[in-house]
Structure formats: structure tokens, C-alpha cells
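A short worksheet on the structure shown next.
What you see is a predicted model; the values in this text were computed from it and never measured.
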Amino acid sequence: MQSYNAPEVEKKWQKKWRESGLYKADLENPKKPTYYNLTMFPYPSGDRLHIGHWYNYGPVDTWGRYMKMKGYEVFQPMGFDSFGLPAENYAIKTGVHPAETTRKNIDKMKEQIAAIGGMYDLDLNIETSSPEYYKWTQWVFLQLYKKGLAYRKEAPVNWCPGCMTVLANEQVNEGKCERCRSQVVQKNLRQWFFKITDYADKLLDYEGLNWPEKTILMQKNWIGRKEGININYKIKGKDKILTVFTTRPETNFGATFVVISPDHPLTLGITTPEQKIAVERYLEEAKKKSELDRQMEGRQKTGVFTGSYAINELTGFEMPVYVADYVLMGFGTGVVVGVPGHDLRDFEFADAMGNIEVIRVIKGPNGEVDPIRTVDQVQEDEGEVINSEILNGLTPLQAIPKMMDYLESRGMGTRVVNFRLRDWLISRQRYWGAPIPIINCEKCGEVAVPERDLPVVHPHVEDYVPKGTSPLAMAPDFVNVKCPHCGGAAKREVDTMDTFVCSSWYFLRYPDANNTKEAWGKERVDKWMPVDMYIGGPEHACMHLLYARFIHRVMHDLGYVDAKEPFKRLVHQGMVMKDGAKMSKSKGNVVSPDEFVSKYGSDVFRMYLMFMGPFTEGGDWNDRGITGVARFVDRFYRMMQQEQEQTGLRPGGDEMDGIVHQTVARASEAIVNMTFNVAIAALMELTNEALQKGLSRAQKEIVAKVLAPLAPHLAEEVWAEMGNTNSIFKEVWPEADPKFLVKNVVTFAIQVNGKLRGTVDLTPDISKEEALAAARAQTNVAKFLTGEIVKEIFVPGKIIGFVVKV
RNA sequence: GCCUGGGUGGUGAAAUGGUAUACACGCGAGACUUAAAAUCUUGUGGUCGCAAGACCGUGAGGGUUCGAGCCCCUCCCCAGGCACCA
């Protein structure tokens, strides 16, 4: 008997698969139902593939191969997200131009990915930094621009001093740069934005999507839709009106102050001469405060009285108007009405100011009606509305619509919907990104580059180290152009696009990657979109996955693609950690797959990663268990060889048919659930059994097919050794035949008062009476049936139970 | 603080309300071997017991049920997300 030589066998099949076109889908004329199986494309890294890549690409390929055997035309492409900070930073570090390092890294990475032995189509040459690709990224920009969805404005933006560029809100985490962890500062800059807020409502529609609830929830929270009402308050003695946004108008009888944001345009206008100096000083200080300072302050409230009063028309109460930096200009109207009795922040502010009246308008949990004095008495929800005339006796939930109707009918307010989502800031002051196809002409102003002039070629610049303004500005040939409109002297936009723009449409390019006339052909793409399965890390929930949905939806609205949503089913792989921490070079805890792959082979490594636990959960890496999978591969190979060197083993009989078909059922279910660990366990059990009892050839064929998606090389090898000349991946996934799943003996558990007292082997279709009798016959059961039997339980095939009164 | 997931042997982990701990690692014992490795066989939640078996056991405490890892309530811990968003 010959032992299994993984390195040799794996190389052989990888070559054969590549040559036979196993990795290719018939994109033009798929003859089977299409299945677009996609993993988030990687950025080209100078390092070797890490465990995270394998943890992702192995199981995705397993899924793709499974679907292929289920009869689908599977399209499983892979490209490279090659513009952006990782490539650029790598270039800065090595001192080699990013164009060069990117090229080299992609070529190297392609080889490594091929060595996994996945059926990824790597030949489509999708690289976001190639002119053939970014031409169409620029085209996408122009479509948005034409629709008024790309615009430029001066606004306070997040500036990362480490990366020397602005960042989108989504890229700021706890006030720090998502990438380099530098403290982000606010700057006023004129920048390009995509109007993703116009799509806020559309993006909240997840109908028909098979996505993790958690991801949907995260996006929903990020979009942050809030229904409320804008209430107008007159300023006493002034011809000015302050509009506040609130979602809790039912507490308005308890409103006793108003707070305006320091950034609000009316702040100084409503300040009285006596308060002017104090307010101006406060505004100065607020401006100086960094994000870090604010975090240090925590919830500690500061503020200054403006000297003005807003009139609460409901009560006639004259509400002092304060300016305070806890009120953000970016949300609602930048003005807040304070109900200190029923909002924690409002109470904290009132408390900090000292002389603000607190009125109770909701009964306490124990029916309290006395005034609220301390923070822990503040009652934010539930209860019964009191001291509120028309609303008395209602719950807050009932009172809200009534109050809104009331305010609207008297012209005091208007219902509005607000979102937490901000527009997507896409300009970057960095070198390695797609140029924004805009020309600034002194005469004509902002002019879009005509589509026929695309691509705006990314200029070669030697000094690309970030300085705070785009390095593209250092290329005079790039910057100075003729205005496409008037022919006069003009200058190009020098900022580049956020790489998330590049990655928000690449899945539309894959099926039509060589199209030179359009970004994609609609007919072709409609055959493949939406992506049937999209797999990637959960960290993209509110970035890539939101941006991609947005851009795709815009393209849908413009008629370029039929599908509304880009990703039908979404799965997040878990993260592989080491000693409870993220693997990173700085921590020095990076585990390289290479030594394991060369020692055990790709199949074993892939299976071990899957066997560690559920795919979506990831886990802590340790190499102790990999021998178990390696042993399984040897045992499996031996099991498959046994027949060829028949050693008197009985070719599998009925019993093995049952086990084989049960394995088919269990493994199929596990693969569909992405719990590959369970599928592998099922095959291990079968192998342990079959090594004792032997398998018939028909049984072996079934078993090889079940193994195929999990250990493709090994399965293909044993398939060939059985004398088959076609690829096992051209075979149809086996179905569990119910006739083999029926057992003629099942073990029933016998319970007395729910406690296990014995088991008994019976036919599955036995009658209740017979089963109960058989159970009673057991001495150990009879022992516990001393009292009066009040109930007898019979669950066919499973449980025989007695309930005894004690 | 709020919103999500999770807490099961020494370890990674299985379990449509029905025999908890499948599968694997590790460990113990044995076989093969001059020996070791590899491989094979076998045992392996805890306590008591020669055994049959009994009792306890899925983060803690309650509840529903003949029966709960699973459903309900309260709490603790861990991970992820959001966070002065009105």
C-alpha cells in the first residue's frame, strides 16, 4: 500500500485543473444556473499569505466547489484592491515606487493563492490601480457627478495627522484613525463628497437579502434613522426663531431650557450684549477643543447663558437659551430643547448650570409625582404622562403622535426624519489612488472630464511621501490642462479617491473584465448579478458593504444593472487570533501558514482551519490539533485503497450503506450551514467505521464526492485511482437516499421522571404499548416504577418515559 | 450607558425541547519494535462503588415542562458594534 504524497499530488492536480479550465465559468452563455461566489478581494501585500487569507479562501472555495457539484455554473473570481494606503505605505517603507511594488506583490500573491488549490479565477486581471480598471472608477464618479450625487463643499472634516489625509466618518474609530490609530483632528477643508444620505432610506431596505441580522442591525444603527419633529420657538423680544429637533415632544410641557450648538449660525445673533463677552469666550474655547479633549471631559457638561429666552408656547414658560458644546451642529437642527426631568443629558446640563427649573411630566415607576431632584430619579421612558394637559394619562408612546399632531395643527412644528449617516467624504490627499476626473477652469469653474477622455491617467511622481496636499499636485504635466469646455488654461483636481470607491463596484466588473467599451455590459452582468454569496470580514459592515450597496443602487437607478442589491447572501468569516490577540507584526504573534502547508499539504491545512470551529466564529490558533486532520487524511486514503488490495475485507454491506448515506445527509447540511467542522467530523466518523468494515466501490464513490469540496486534491486523487477519467468536480453531489436512512433498530432512551434509567433497542415503528412493556421489563427501570404511574410518554424512535408520583 | 452575539471536559468543540460532552487534540494503559517514531487497540466529566449502578454536572440564581445546554425572568463575565445623535 502506498502512502499519500500530498505535495506531489496537490501540485499535479492544480496544474491539471488549471489546464482543463476548471477555474473558468462560462460567463457569456452559462448553460447551468449561475452562481456568483465571491470573497472580498485582498489588497496586495508584500508579505506572504497569512492565516487569515487561508481561513477565508479555503472555506469559500469549499463552498464554491460544493455549489459546482450541486449543478451550478460557479463563478469564483479574485482580483486585487491595489490602490490605497496599504500599497502606498508599503512603498514608502521600502522606498520602492508603489507602481513597482504593487506589480510585484500581485504577481507573487497570485502564485501563493494558486497554491491553495482553490478554483479561483485569477486571470481576469482586476486590479483597481490599473488604468483599465480606474478608468471605469472615474466613469462611476462621473455618473454620480452628473446625477448631483458627487459634490464639493467646505466642511469640517476628519484629518488624520498620521496618514496626512482626510478620512470618511466610517474610517474614524473612537476619534482615532481606523488605519494608523492616530488621534483624528477636525479641519475645515473643501472636499469631495458622495451624497449617500440621499440613499439613506433606500439603504434601509434589506428585503430579500440573506444577511446576518447583526450586520443589518449595525448598518441600521449607522444610518440611524430617527423620526421626530422640528419645533419652532420664538425668542423673546427678538425677531428670531430657533428650531429644535426632538423625538420626544410629549415631554415638552416639562421643557425648561434650550441649548444651541457653538457652531450654529444664530448663536451670536441671539446673544444679548451683556452676555456677549462670556459667549464669545466660550465659542473660542470650544473651537480649540480637540476630539481628545472632549473625550477626556466625558459627560461633564459646560455651557454659557446667551441672555435670551425662547418661549415655550405650550406653557408660556420662558426658557433660557444656553450655548453648549454637547449639542452637535451635525445632527438635527443644532439646537436642543431641554427637558431635565426626563432626559439624562438634559438633567446633567441643568445640574451643571445650577439654576434651571426641573418639572416632572411622567410619573415615576412607583407612581411618584413629586419633583425630580437627583440624577437617578431622571426617568427617560415608560410611565404615565402628567402635568401635560392634553396628554395626561397617556403613556409616552401614545402621547408622542398626539403631541406631534397637536404641534403641527397649531403651526408650531413639522414632522421630520433625521439620519445619523453623513455624506461620504471621498477625497484623499494621497498619491496612490484614482484621480478625480474633474478640471477646475478659471472661467468655467468646475468641469467634468468628458467620458471620452478617460482615464485621467494617474501620474508617475517620484516624491509620493504624504505632505498634507496631494502629491499629484507635484506633477505639472498632470495638473496643467486645457479646459474641455473653453480650451483655456485650467488645472486638474489633484486629490485622489478613497479606495472604498474603487472597491464599491468591482463585483460588477468581474463578469465582464475585458470590456474596453463600457464599465460592464449590462446583459452580461445581469446574468450574474447579484452576487449569490459574498464572504468577508465583519469589519466592513459599515464601510465597504454600505458603500457598495450605495454605488450599486445608484447604478441600478441609472439603469446599468437590474439587481437592486449587490449581495444576496452575506457571510462573515471569523477571525483567527493568537493567544487571544489579533495577529500582527508589531505584536510578533504572526503564525505563517507556510511551514504547515509544506509539511502537511494544502488540504490538511485548509481542513484544519475548518475543523477548528464554526467558520463564522474564528478562534485562537494553536497547532496542536493539526495532526488529527493529518491522520484523518492518511486514514481516509488507506480506507479508499483497501478495496484495491482486497485483503479479505467484506465489501461493505447494508450497515455501511446506512452510514454512508447518513454521512451524506449530515455533511450536506453542515456545508450549507457553513459549519464545515461538523462535515469533517462526519467524514471522520465514517472513516473510523469503514476502516473496520470496508466499503464497496459504489460507497467509495459517494464518500469521495462528499470529501471533494473539503479536501479537493485528495478527493480528486482517490477518484482518479478508482479509475475515473473525468474530474470529480464534474460529478453531481450525492443525495442521501432515504431508504438507507431508515434503520431497523433504534435505541430508545427510557426515562422515569425525566431521568435516564436505561436504553432499549427496538424497531422504529414499534407501538407505544409494546415499547412501554419492553421498558418496564428492564430491572433497572422497574426499580424506579414503585409509585403510581401518572403519565406515560412515547416519542417514536426516541423516548419512552414514565412519570411516577412519589 | 445602549444594541448585538457568546459562556459546555485539561484543550478546540458537537448537540430540530428527548441518552450532554459526537469528532479531534492531549493524557493513561496495551500491541508492534532491540529501541524510538509512526501506526493500531483501548480507556478518559466529577464523586462514591469490586461491579451493577447511584448522585452531581453545560457562568450564577429562579421559573415553565414528564424532560431544559436549548424556552422565560434576574444577575455575573467575555467578545463585537455604537456612544453627549436630542
Length of the line joining [X]:[atom1] and [N]:[atom2], which is rounded to integer Å:
X	N	atom1	atom2	answer
Leu344(A)	C2(B)	CG	C1'	12 Å
Glu617(A)	C78(B)	CD	C1'	13 Å
Asp343(A)	G1(B)	CG	P	17 Å
Glu685(A)	A22(B)	CD	P	9 Å
Glu689(A)	C40(B)	CD	P	15 Å
Phe611(A)	G26(B)	CZ	C1'	14 Å
Met577(A)	G12(B)	CE	C1'	15 Å
Leu785(A)	C66(B)	CG	C1'	13 Å

Inset, instruction - Decide if atom NZ of Lys743(A) counts as having more than 12 heavy atoms of other residues, nucleotides or ligands within a radius under 6.0 Å. - result: no

N-O pairing of [X] and [Y] below 4.0 Å:
X	Y	value
Lys599(A)	Glu595(A)	no
Arg666(A)	Glu685(A)	yes
Arg248(A)	Glu250(A)	yes

Among [options], which is the nearest nucleotide to the side chain of [X]?
X	options	answer
Met612(A)	A86(B), G26(B), G12(B)	G12(B)
Pro614(A)	A13(B), C85(B), C84(B)	A13(B)
Lys791(A)	C66(B), A22(B), G26(B)	C66(B)
Thr627(A)	G26(B), C3(B), A14(B)	G26(B)
Val803(A)	G26(B), U19(B), C66(B)	C66(B)

Checking all strands, does [X] fall into the base, sugar-phosphate, or nothing category for heavy-atom contacts under 4.0 angstrom?
X	value
Arg345(A)	base
Val327(A)	base
Arg635(A)	sugar-phosphate

Legend entry - Anti/syn call for G9(B), syn if |chi| within 90°: syn

Inset, instruction - Apply side-chain hydrogen bond (donor to acceptor under 3.5 Å, both in side chains) to the pair Glu348(A) and Tyr326(A), showing each step before the final yes or no. - result: CA-CA 11 Å; Glu348(A) 286 166 352; Tyr326(A) 82 92; over 6 Å; no

Please determine, by modelled atom types, if [X] and [Y] share a side-chain donor-acceptor pair under 3.5 angstrom.
X	Y	value
Asn688(A)	Arg635(A)	yes
Asn230(A)	Thr414(A)	no
Asn173(A)	Lys176(A)	no
Glu170(A)	Trp424(A)	no

Suppose you measure atom [atom1] in [N] against the same atom in [M]; what distance do you get, rounded to whole Å?
N	M	atom1	answer
C84(B)	G80(B)	C1'	22 Å
U11(B)	C85(B)	C1'	45 Å
A14(B)	U8(B)	P	11 Å
C56(B)	U4(B)	C1'	35 Å
U39(B)	C32(B)	C1'	9 Å
G57(B)	C48(B)	C1'	15 Å
C27(B)	G12(B)	C1'	16 Å
G46(B)	A20(B)	C1'	14 Å

Please list, pair by pair, any protein nitrogen or oxygen found under 3.5 Å from a nitrogen or oxygen in nucleotides 52-55 of chain B.
{"unit_1": "A54(B)", "atom_1": "OP1", "unit_2": "Arg757(A)", "atom_2": "NH1", "d": "3.1"}
{"unit_1": "A54(B)", "atom_1": "OP1", "unit_2": "Asn780(A)", "atom_2": "ND2", "d": "3.4"}
{"unit_1": "C55(B)", "atom_1": "OP1", "unit_2": "Arg757(A)", "atom_2": "NH2", "d": "3.2"}
{"unit_1": "C55(B)", "atom_1": "OP2", "unit_2": "Arg757(A)", "atom_2": "NH1", "d": "3.0"}

Legend entry - Polar side-chain contact Gln751(A)-G18(B) base: donor and acceptor under 3.5 Å: yes

Inset, instruction - Would you mind pulling out the nucleotide paired to A13(B), Watson-Crick or G-U wobble, both distances under 3.5 Å? - result: none

Inset, instruction - If A79(B) has a Watson-Crick or G-U wobble mate with both distances under 3.5 Å, name it; if not, just say none. - result: U4(B)

Inset, instruction - Would you mind telling me which of Val781(A), Leu762(A), Ile793(A) makes a side-chain contact (heavy atoms from CB on, under 4.5 Å) with Ile800(A)? - result: Leu762(A)

Legend entry - Asn688(A) or Val336(A), whichever maps to the more 5' nucleotide of RNA chain B: Asn688(A)

Legend entry - Whichever of Gly613(A) and Lys798(A) has its nearest RNA chain B nucleotide further upstream toward 5': Gly613(A)

Legend entry - Within 45° cone of Tyr206(A) ring axis and under 6.0 Å: Arg549(A) NZ or CZ: yes

May I ask you to verify if any side-chain N or O of [X] is less than 4.0 angstrom from the OP1 or OP2 atom of [N]?
X	N	value
Asn677(A)	A14(B)	yes
Arg638(A)	C40(B)	yes
Arg631(A)	U39(B)	yes

Give every pair of a protein N or O atom and an N or O atom of nucleotides 79-83 of chain B that lie under 3.5 Å apart, one pair per line with the distance.
{"unit_1": "C82(B)", "atom_1": "OP2", "unit_2": "Asn173(A)", "atom_2": "OD1", "d": "3.4"}
{"unit_1": "C82(B)", "atom_1": "O3'", "unit_2": "Arg420(A)", "atom_2": "NH1", "d": "3.1"}
{"unit_1": "A83(B)", "atom_1": "OP1", "unit_2": "Arg420(A)", "atom_2": "NH1", "d": "2.7"}

Inset, instruction - Look at the aromatic rings of Phe605(A) and Trp621(A) and report parallel, tilted or perpendicular, splitting at 30° and 60°. - result: tilted

